[in-house]
Amino acid sequence: MTSTTHDQPSPRRSFGLQPLRTKWGWIVALGVVYLIVGLVALGSVVTATVASVLVVGIMMVVAGIAEVISAFQVRTWGKFALWLLLGALYILAGIATFQNPLLAAVLLTFLLGIALVVSGGMRFILAFSMKESVPWIWVVVSGAITLILGLVILARWPISSVYVLGLFLGIDLVIAGASWIGIGLDLRTGTRRQV
């Protein structure tokens, strides 16, 4: 009996990608835009930091408005006051980021550093609790990198708040752009194989 290898993807799986394969050029173009914007952000991390803080401020104002609207849907007075207060706090915090984005960046960077340290520590605990079942060493490595990154941010805080958020935004955009370019080129290759 001979075994067959599958060089081609199953028809059911490739059928779902067919509409994307015809648009591979647009996907590559989107990746190029992400890549360019990411490189610009890396070239001016202070501006990118301010931009990312302003986006957080906008999200907080929108969330606050949604909380206030939700408050009017609640029937009891205690819950209404709580939702209304929560919404007002979100709106005020969002407006505060518009008033002083660099001060908001200082606070957000501090919270990011703390979150990374806690996350790294939790990954260590998780890794040692699953030592017998899975390749736990990769979780330890991930935890170590996250913990070190958090400690570096906190060690340089508040100076790090001027560039950390912009740096993370730029790196994220560059990685996303490279990913979209890779996906688009892979879809293009898949289109050529089918022809």
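Counting begins at 1 with the first residue of the sequence.
- Cluster annotation: Leu30 and Ile171 are assigned to the same hydrophobic cluster (Ile/Leu/Val/Met/Phe/Trp/Tyr, side-chain heavy-atom contacts under 4.5 Å, transitive).
- By the side chain to side chain donor-acceptor pair (under 3.5 Å) test, Ser44 is found to be paired with Thr47, residues two or more places apart in sequence or in another chain being considered.
- Looking at every heavy atom in both residues, Val106 comes nearest to Trp157 through O-NE1, 2.9 Å.
- Considering all non-hydrogen atoms of both residues, Tyr90 and Gly64 come closest at CB-CA, 3.5 Å.
- The closest side-chain heavy-atom distance from Val62 to Met59 is not below 4.5 Å.
- Considering all non-hydrogen atoms of both residues, Gly166 and Ala48 come closest at CA-CB, 3.6 Å.
- Scanning all heavy atoms of the two residues, the minimum distance from Thr146 to Leu116 falls at CG2-O, 3.2 Å.
- Put simply, Val152 and Ile114 are part of two different groups of oily side chains (I, L, V, M, F, W, Y) that touch within less than 4.5 Å, one to the next.
- Here the straight-line distance linking atom OG of Ser179 with atom CG of Asp186 works out to 12.0 Å at 0.5 Å rounding.
- Linking ILVMFWY residues whenever their side-chain heavy atoms come closer than 4.5 Å, directly or via other members, places Leu42 and Val164 in the same cluster.
- Side-chain contact check for Leu35 versus Leu173: every heavy-atom pair is 4.5 Å or farther apart.
- Residue Thr97 comes nearest to Leu54 through the heavy atom pair O-CD2, 4.0 Å, listed as atom of the first residue, atom of the second, then distance.
- A side chain to side chain contact (heavy atoms under 4.5 Å, CB included) with Phe168 holds for exactly one of Thr49, Ile153, Val45; it is Ile153.
- Here the side chains of Ser161 and Leu165 are not in contact, with every heavy-atom distance at 4.5 Å or above.
- Here the shortest heavy-atom pairing between Leu147 and Gly121 reads CD1-N, 4.5 Å.
- No continuous path of hydrophobic side-chain contacts links Leu112 to Leu103 [ILVMFWY only; heavy atoms under 4.5 Å].
- Atom CG of Leu84 is separated from atom CG of Leu89 by 10.0 Å, given to the nearest 0.5 angstrom.
- Put simply, CG on Leu154 and CG on Leu149 are 9.5 Å apart, with the number rounded to the nearest 0.5 Å.
- By the rule that hydrophobic residues join a cluster once side-chain heavy atoms approach within less than 4.5 Å of another member, Val55 and Leu92 end up as members of separate clusters.
- You'll find the side chain of Trp180 stays beyond 4.5 Å of the side chain of Val28, heavy atoms only.
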